[in-house]
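One structure is given here, and the rest of the page talks about it.
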Amino acid sequence: WLPQHRPVHTCKNCGRSFMTSRGHKHMPTFCSKACQNAHRYKQALKFVCVQCGKRFVNRAGNPRPMFCSRSCQFAYRGPTSIEARVSEILNELGLRYVTQYQMGQFVFDIAILSAHLLIECDGIYWHSSSEAKHRDKIKTELATLNGFRVLRLPQSIIEDEPDKCRALIVKELLGRR
């Protein structure tokens, strides 16, 4: 048989035409292994980590991966209602921020990295015990040692006085400059 009788296909990655022998059991979609791998890599980079915002490759084969690493997966616990409210305020102010910012063994609720400001949304349940207050004190000291300021917003202000909450955030940001 002559080469002109071989089936012609178009590579899904580079668009080049290529021929295969008639004995192929399946319809080839790539002209080479390199094009097949390049296409897979392009497809894999479509994911963004919910925790840190980094683009990542889906190596685990999950249909809808959410995290770039195990540490991001374990650090993420989803926003509480008061964290979501503070996030809304920051969005209204047009600020860029990161949620669940990890520093050492601690995770801070919100970080405005450009201002070296960490925001802790102190809910009544999680931050009222003596152990929690001691942990919060250590957490604040760690942040200070790393050049960050910590703004602690009590649940009562976040829920009952959103304008005061916004004013405290703006005051802290302006105090930095």
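Please read all numbers here as calculations on a predicted model, not as lab measurements.
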Beyond-backbone contact of [X] with [Y], side-chain heavy atoms, under 4.5 angstrom:
{"X": "V86", "Y": "L90", "value": "yes"}
{"X": "M103", "Y": "N146", "value": "yes"}
{"X": "I158", "Y": "D122", "value": "no"}
{"X": "T144", "Y": "R149", "value": "no"}
{"X": "C11", "Y": "T29", "value": "no"}
{"X": "I112", "Y": "I119", "value": "yes"}
{"X": "N13", "Y": "Q36", "value": "no"}

Discussion item. If the condition is ring pair (Phe, Tyr, Trp, His ring centres under 6.0 Å), which residues does Y97 pass it with, not counting sequence neighbours?
Written reply: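 Partners of Y97 under the ring pair (Phe, Tyr, Trp, His ring centres under 6.0 Å) test: none.
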
Original post:
Looking at residues at least two apart in the chain, or sitting in another chain, which of them share a ring pair (Phe, Tyr, Trp, His ring centres under 6.0 Å) with F106?
Top reply: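 Partners of F106 under the ring pair (Phe, Tyr, Trp, His ring centres under 6.0 Å) test: none.
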
Once rounded to the nearest 0.5 Å, what's the spacing between atom [atom1] of [X] and atom [atom2] of [Y]?
{"X": "F108", "Y": "Q100", "atom1": "CZ", "atom2": "CD", "answer": "11.5 Å"}
{"X": "L117", "Y": "I169", "atom1": "CG", "atom2": "CD1", "answer": "8.5 Å"}
{"X": "F148", "Y": "H116", "atom1": "CZ", "atom2": "NE2", "answer": "5.0 Å"}
{"X": "E172", "Y": "L153", "atom1": "CD", "atom2": "CG", "answer": "9.5 Å"}
{"X": "D109", "Y": "E120", "atom1": "CG", "atom2": "CD", "answer": "4.0 Å"}
{"X": "H134", "Y": "S129", "atom1": "NE2", "atom2": "OG", "answer": "11.0 Å"}

Apply side chain to side chain contact (heavy atoms under 4.5 Å, CB included) to the pair V150 and T140, showing each step before the final yes or no.
CA-CA 6 Å; V150 178; T140 301; 4.2 Å; yes

Discussion item. Apply side chain to side chain contact (heavy atoms under 4.5 Å, CB included) to residues T10 and F18 and explain how you reach the verdict.
Written reply: CA-CA 6 Å; T10 304; F18 64 98; 5.8 Å; no

Item checked: Under 3.5 Å donor-acceptor, E83 side chain and T80 backbone ->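 Between the backbone of T80 and the side chain of E83 there is a qualifying donor-acceptor contact (under 3.5 Å).
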
Worksheet item: Does K139 use its side chain to pair, donor to acceptor, with the backbone of V107 at less than 3.5 Å?
Response: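 Yes.
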
Hey, mind stepping through L118 and Y101 against side chain to side chain contact (heavy atoms under 4.5 Å, CB included) and telling me if it holds?
CA-CA 8 Å; L118 302 170; Y101 182 73; 3.8 Å; yes

Practice problem: Let me see the working for I89 and C165 under side chain to side chain contact (heavy atoms under 4.5 Å, CB included), right down to the final yes or no. | Solution: CA-CA 8 Å; I89 292 169; C165 181; 3.8 Å; yes

| request: Please list, chain by chain and in numerical order, all residues satisfying salt bridge (Lys or Arg N to Asp or Glu O under 4.0 Å) with R16, sequence neighbours excluded. | output: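 None.
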
Quiz item: Considering all heavy atoms of both residues, which atom of Q155 and which atom of I82 are nearest to each other, and what is their separation?
Solution: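 It is CG-CG2, 3.7 Å.
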
Exercise: identify the closest heavy-atom pair between K54 and C68:
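Taking every non-hydrogen atom into account, CE-SG, 3.9 Å.
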
Honestly curious: do L145 and I138 fall in one hydrophobic cluster under the side-chain, below-4.5 Å linking rule?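 They do not share one cluster, since no chain of ILVMFWY contacts under 4.5 Å joins L145 to I138.
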
- Message: Assess whether a salt bridge exists between E159 and R85, defined as any Lys/Arg side-chain N lying under 4.0 Å from an Asp/Glu carboxylate O.
- Response: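 Result for this pair is no, no salt bridge flagged.
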
